[in-house]
> 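Have a look at this one before I ask anything.
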Amino acid sequence: MTNAPTKERLPRNLDYYDLKNQAEEFLYEEAELLDQRHFREWLDLFTEDLVYFMPIRRNVKFGEHSARENTREEQDINWFEEDKWTLSKRVEQIMTGVHWSEEPLSRVCHMVSNVQIVDVTPSLDAPSEMTVRSRFLIYQNRVEYESYFFVGKRLDRLRKENGMWKNARREIILDQNVLLAKNLTVFF
Amino acid sequence: MERVESYARMVDADNGIIDREIFTGEQVFADELERVFARAWLFIGHESQIPNPGDFFSSRMGQESVILCRDRAHRIHVLLNSCRHRGMKVCLYDEGNTNTFTCPYHAWSYGLDGALTGVPMQKALYEDIDRAKWSLVEVAQMTNYKGTIWATWDPEAPPLLEYLGDVKEHLDLALDCRDGREGGSVVFGGVQKWIVPSNWKFPAENFAGDTYHNPSHRSVDMVGMGPNSQKGVQGRHDNRLSDAQHLWVSFPGGHAVHSALKPESNEYHPSFGDHTAVEDYFRDSHEKRKARRGDKARLQAFVGTIFPNTSYHGYLPRSICVWHPHGPQTTEIWRFFLTDHDTPKDVNTYLRHHYMRYSGPAGMTEQDDMENWNYATAASRGTISKRYPFNYQQSLNKTQKNSAIPGCVSEQVTEQNARAFYRGWRNYMTGAAWGDICAEAPSPSLQAAAGDD
């Protein structure tokens with residue numbers, strides 16, 4: 001996903017900007033739910049067949065990036081390769097009140113930017129699915145002195161279900177090699 | 001000499017009293033790099049990561065970068081990743097394939113065996129440099145044990161198998177095929193690496209068999225993420241050890257494990273709910289292992305630590321973890337996940353998913369460990385808190401010899417394993433000879449009996 005999409009660039013017309021507004025609104029609402037710790041409501045934004053994927057990034061020689069830079073979904077060990085059920089288990093774990101890496105709860109702030117639609121199905125004027133690219137900056141502040149920045153890119157596949165947008169696939173590209181955080185308890 | 005005495009004083013392994021200073025002190029850490037990490041056998045990587053000539057994988061020994069690579073003659077090398085001219089790293093990549101390691105600084109270049117092969121303008125600028133003397137520094141000893149690559153900087157260190165001693169049988173439980181064939185494990189692509197604000201000894205001690213910390217994993221047990229949890233079963237483990245006698249076993253040299261012994265019947269216990277293919281695979285492997293190994297197949301893996309900083313999970317999850325020392329209060333953790341070379345794809349998919357949800361910074365079990373190791377370290381540096389040593393007295397003098405299992409064995413939850421780990425640490429830190437480090441330590445119960453006389 002770090003590579004440029006092969007699809008033709010969508011036209012920047014009114015339909016595009018209307019749809020981009022919907023995508024942005026979806027992502028901002030999502031960030032609000034997470035930052036307000038409404039984790040269960042956050043889960044409702046995802047389809048039942050969700051794939052939530054974050055590879056590990058490697059330092060590789062110039063020219064080998066497409067082949068080697070990111071660990072591969074369904075083949076390698078990744079940071080995350082989740083479905084809806086396991087993501088809901090992660091939420092439940094936080095809600096036990098004894099998940100010590102999130103108890104007391106961290107203070108988390110999600111910043112979302114650079115939102116663009118890279119693909120839409122079947123068409124811009126009658127969209128039922130779209131692929132949305134964005135950047136994130138997530139700040140986590142924990143207990144007294146701990147703070148972590150997670151910065152990177154996301155690619156989301158939004159699908160309309162019963163007239164509402166839901167996220168069916170999230171790829172997260174975290175711009176770190178050695179993870180500079182002791183844990184990945186925040187949601188991306 | 002003064003520091004030798006102070007290390008002997010800081011670790012009173014026999015009475016289970018250990019000074020907090022060993023977890024935070026700058027001087028302690030500097031001495032550890034010299035006395036522990038420059039002597040002991042360290043885990044480097046796995047041969048499956050470098051199958052072809054020219055393949056390399058960048059690893060670490062102590063605080064230093066090393067290159068694990070395979071030369072044109074298929075020989076494996078472990079080389080210090082530092083140019084002999086000005087020290088720049090000659091390899092900046094995590095992995096890849098190459099003919100040569102060329103320093104980016106002044107372009108000295110080295111072959112896959114570490115030999116200095118190129119010095120720019122050598123004839124004009126270096127009258128008579130003896131290139132053979134300026135190869136990349138190679139480890140003193142390197143051993144490939146069932147695919148795992150180990151190395152030491154100490155030419156006097158005993159061979160790896162002697163260094164391991166009887167802990168080998170437990171490490172084998174992680175390295176051998178699930179059906180009892182010897183060796184045959186490979187590493188999944190993707191090594192997890194992350195930084196934790198903890199002294200390296202907290203996780204090493206934890207994996208040496210600290211079963212007492214189970215309450216800190218209550219949250220994952222409550223929600224359930226074990227093989228049966230999609231059916232609503234709580235907990236995080238398979239059912240393999242439900243009828244087994246858990247054993248905590250420690251060895252000379254500071255190694256210690258938590259394994260288990262199944263009853264003589266050694267029956268398979270279904271664990272995988274609706275995952276029929278996974279269930280069939282593990283049942284089949286269990287029966288084949290029984291047929292191959294007989295009574296030996298009763299021994300089951302859980303966790304263990306090979307002194308100083310290599311730990312394993314032996315079954316589910318199945319991984320090798322290295323606690324790289326960054327500083328007295330910072331550790332870089334690397335985890336390599338294992339599977340058999342011929343595990344079916346659908347089983348591998350299940351295993352990968354389970355591993356990722358159990359272990360590492362995104363692991364629902366291990367996240368809580370990181371929190372503990374972080375704040376246990378932080379609480380070891382206060383002027384006042386440092387006056388109060390840690391209590392390692394759990395199940396003191398409750399170990400015994402077991403005819404079937406070599407080593408110092410406990411059948412109840414114990415800190416004997418931690419005491420053995422720190423006894424080993426004290427030996428290294430006081431400069432003990434290899435013969436003493438690897439010698440059988442007197443068992444605490446024997447000492448107590450002698451004291452009664």
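Naming convention: chains lettered A, B, ... in sequence-line order (proteins, then strands); numbering from 1 in each chain. These numbers come from a predicted model, not from an experiment.
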> Could you check which of A:D83, A:T86, A:T71 has the highest count of heavy-atom pairs closer than 4.5 Å to chain B?
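Between A:D83, A:T86, A:T71, the count favours A:T86.
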> Among B:Q367, B:H217, B:E371, which residue satisfies the side chain to side chain donor-acceptor pair (under 3.5 Å) criterion with A:H99?
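When side chain to side chain donor-acceptor pair (under 3.5 Å) is applied between A:H99 and each of B:Q367, B:H217, B:E371, only B:Q367 qualifies.
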> From A:F80 CZ over to B:H353 NE2, what is the distance, rounded to the nearest 0.5 angstrom?
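Going from the CZ atom of A:F80 to the NE2 atom of B:H353 covers 13.0 Å.
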> Counting only heavy atoms closer than 4.5 Å, note whether B:V191 contacts chain A via side chain, backbone, both or neither.
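Answer is backbone: N, CA, C or O of B:V191 sit under 4.5 Å from chain A.
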> Give the intermediate values and the outcome of side chain to side chain contact (heavy atoms under 4.5 Å, CB included) for residues A:Q75 and B:F188.
CA-CA 8 Å; A:Q75 284 191 67; B:F188 275 115; over 6 Å; no
> Look only at the side chain of B:D94 and the backbone of A:N59, and say whether a donor-acceptor pair between them is shorter than 3.5 Å.
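Present.
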> Taking 4.5 Å as the heavy-atom cut-off, does anything in residues 177-188 of chain A contact chain B, and if so which residues?
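Those residues of residues 177-188 of chain A which have a heavy atom under 4.5 Å from chain B are A:N177, A:V178, A:L179, A:L180, A:A181, A:K182, A:N183, A:L184, A:T185.
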> Could you look at A:S101 and say if it's the side chain, the backbone, both or neither that has a heavy atom under 4.5 Å from chain B?
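A:S101 touches chain B through backbone and side-chain heavy atoms alike.
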> Relative to chain B, which of A:E92, A:E64, A:K61 shows the most heavy atom pairs under 4.5 Å?
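When all of A:E92, A:E64, A:K61 are compared, A:K61 has the most.
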> Keeping the roles fixed (side chain from A:R90, backbone from B:A362), state whether a donor-acceptor pair exists under 3.5 Å.
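Side chain of A:R90 to backbone of B:A362, a donor-acceptor pair under 3.5 Å: yes, one is there.
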> In terms of heavy-atom pairs under 4.5 Å, which option from B:S229, B:G360, B:S58 contacts chain A the most?
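Looking at each of B:S229, B:G360, B:S58 in turn, B:S229 comes out on top.
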> Quick one: of B:V196, B:D369, B:D368, B:N348, who has the most non-hydrogen atom pairs under 4.5 Å with chain A?
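Looking at each of B:V196, B:D369, B:D368, B:N348 in turn, B:D368 comes out on top.
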> Would you say A:K84 has more than 12 foreign heavy atoms packed within less than 6.0 Å of its NZ?
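Buried by this count: over 12 neighbours within 6.0 Å.
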> Would you mind checking which part of B:N374 comes under 4.5 Å of any heavy atom in chain A, side chain (CB onward), backbone (N, CA, C, O), both or neither?
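Side chain only.
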> How about A:K160: does its NZ atom have over 12 heavy atoms from other parts shown lying under 6.0 Å from it?
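Counting other residues, nucleotides and ligands, NZ of A:K160 exceeds 12 neighbours.
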> Let me see the working for B:M364 and A:Q93 under side chain to side chain contact (heavy atoms under 4.5 Å, CB included), right down to the final yes or no.
CA-CA 8 Å; B:M364 294 168 66; A:Q93 187 180 21; 3.4 Å; yes
> Given that the side chain runs from C-beta out, which part of A:W85 has a heavy atom under 4.5 Å from chain B: side chain, backbone, both or neither?
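Side chain only.
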> Quick one: do A:I77 and B:Q192 satisfy side chain to side chain contact (heavy atoms under 4.5 Å, CB included)? Show the steps, please.
CA-CA 8 Å; A:I77 294 294; B:Q192 293 187 336; 3.8 Å; yes
> Say you draw a straight line from CD of A:E73 to CZ of B:R352; how long is it, rounded to the nearest 0.5 Å?
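Rounded to the nearest 0.5 Å, the CD-CZ separation comes to 8.5 Å.
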> Does A:E81 reach the side chain of B:M356, with side-chain heavy atoms less than 4.5 Å apart?
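Yes; the side chains approach each other to less than 4.5 Å.
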> By a 4.5 Å heavy-atom criterion (distance strictly below it), what part of B:L92 contacts chain A: side chain, backbone, both, or neither?
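Just its backbone gets close to chain A.
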> Should the heavy atoms of other residues, nucleotides or ligands under 6.0 Å from CZ of A:R12 be counted, would the total exceed 12?
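Enclosed: over 12 neighbouring heavy atoms sit under 6.0 Å from CZ of A:R12.
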> Kindly give the heavy-atom pair with the smallest separation between B:E95 and A:R68, and that separation in Å.
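What the structure gives for the nearest pair is OE2-NH1, 3.1 Å.
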> What residue in A:R58, A:E146, A:M95 has the most heavy-atom pairs under 4.5 Å with chain B?
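The residue among A:R58, A:E146, A:M95 with the greatest pair count is A:R58.
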> Go through the atoms of B:Q230 and report whether side chain, backbone, both or neither lie under 4.5 Å from a heavy atom of chain A.
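When you check distances to chain A, atoms from both the backbone and side chain of B:Q230 fall under 4.5 Å.
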> So what's closer than 4.5 Å to chain B heavy atoms on A:Q176: side chain, backbone, both or neither?
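No part of A:Q176 comes within 4.5 Å of chain B.
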> Tell me, yes or no, whether the heavy-atom count around A:R107 atom CZ, taken from other residues, nucleotides or ligands under 6.0 Å, exceeds 12.
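Enclosed: over 12 neighbouring heavy atoms sit under 6.0 Å from CZ of A:R107.
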